[in-house]
Amino acid sequence: MNHWLIKSEPDVFSIQDLEKVEQEPWSGVRNYQARNFMWRDMKPGDLALFYHSNAKPPGISGVAKVASASYPDPTQFDKKSEYYDPKATEEKPRWYLVDFEHIATFNELLPLQALKDDPILSEMLVCQKGTRLSITPVDKKHFTRALKLAGTKI
DNA sequence: GCCAACGTTGGC
DNA sequence: GCCAACGTTGGC
């Protein structure tokens, strides 16, 4: 099983939103590296840290689970969508996504600063300067450590 | 609001 | 295929 970190701006879609809807298609990813992770590497049952970016403060807010195989992101075909891609066709889709299912919401956000202050978690990609990828692979040891610091068991 | 980092676009 | 210009991300 692989572990991941997925970023979302809480103003747009937060862990609380995911908790409400229970499951959500991760649409709108328009970066090839992030797409490849979803399309090629994510498997149903994989677990992801849910990270709030552009938040005050930013940090990990909970855990989600990959709940589907990958399939074409329908918003790429929708002319009314802000994620519409004129170069994508139904025959040759460009963008793929998976569904995520809510697993846990942390009692308290695990802030980015706490990740940076931790000798183990500070190795994570999200702590490195200039890492803008919205989906990154995470070592199991980092995933486990984050849950421990958050005081959450799943 | 600033700005560093970095991905994408398009002219050549 | 190079690379400058441009746009976006996201912490601060």
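By convention in this document, chain letters (A, B, ...) are assigned in the order of the sequence lines, proteins followed by strands, and residues within each chain are numbered from 1. When reading the values below, keep in mind they use all heavy atoms of this one structure, side chains included, and skip hydrogens, waters and symmetry mates. Model, not experiment: these values are computed from the prediction.
Atom C1' of nucleotide dT8(B) and atom CH2 of Trp95(A) are separated by 10 Å, given to the nearest angstrom. Atom OH in Tyr32(A) sits about 15 Å away from atom P in dT9(C), given to the nearest Å. Rounded to an integer number of Å, the gap from NZ of Lys129(A) to C1' of dG11(C) is 10 Å. Rounded to whole Å, atom P of dA4(B) lies 17 Å from atom CG of Asn54(A). Remark: P of dC12(C) and CZ of Arg132(A) are 16 Å apart, rounded to the nearest angstrom. Here dT9(C) presents its P atom at 16 Å from CG of Leu5(A), a figure rounded to the nearest Å. Going from atom CZ of Arg30(A) over to atom C1' of dG7(C) covers 16 Å, rounded to whole Å. We find that CG of Asp11(A) is positioned 14 Å from P of dT9(C), with the value rounded to whole Å.
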Begin from the C-alpha positions of His102(A) and Gln23(A) and carry the test side-chain hydrogen bond (donor to acceptor under 3.5 Å, both in side chains) through to its verdict.
-> CA-CA 6 Å; His102(A) 181 268; Gln23(A) 197 162 318; over 6 Å; no
Could you go through the ring pair (Phe, Tyr, Trp, His ring centres under 6.0 Å) check for Tyr96(A) and Trp26(A) one step at a time? CA-CA 9 Å; Tyr96(A) 284 79; Trp26(A) 210 243; over 10 Å; no
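In the set dG11(C), dG10(C), dA5(B), dG11(C) carries the atom at the smallest distance from any side-chain atom of Tyr51(A). For Asn31(A), the listed nucleotide lying nearest its side chain is dT8(B); candidates were dG10(C), dT8(B), dG11(C). The nucleotide whose nearest atom lies closest to any side-chain atom of Leu112(A) is, among dA5(B), dC12(C), dG10(C), dC12(C).
At dC12(C), one or more side-chain N or O atoms of Lys116(A) fall inside 4.0 Å of OP1 or OP2 (strictly under the cut-off).
Proximity of Pro137(A) to Trp4(A): side-chain heavy atoms (C-beta onward) are separated by under 4.5 Å at one or more points.
Using a 4.0 Å heavy-atom cutoff across all strands shown, Lys56(A) reaches no nucleic acid atom at all.
Side-chain contact check for Asp17(A) and Ser14(A): at least one donor-acceptor pair (N or O, by modelled atom type) lies under 3.5 Å.
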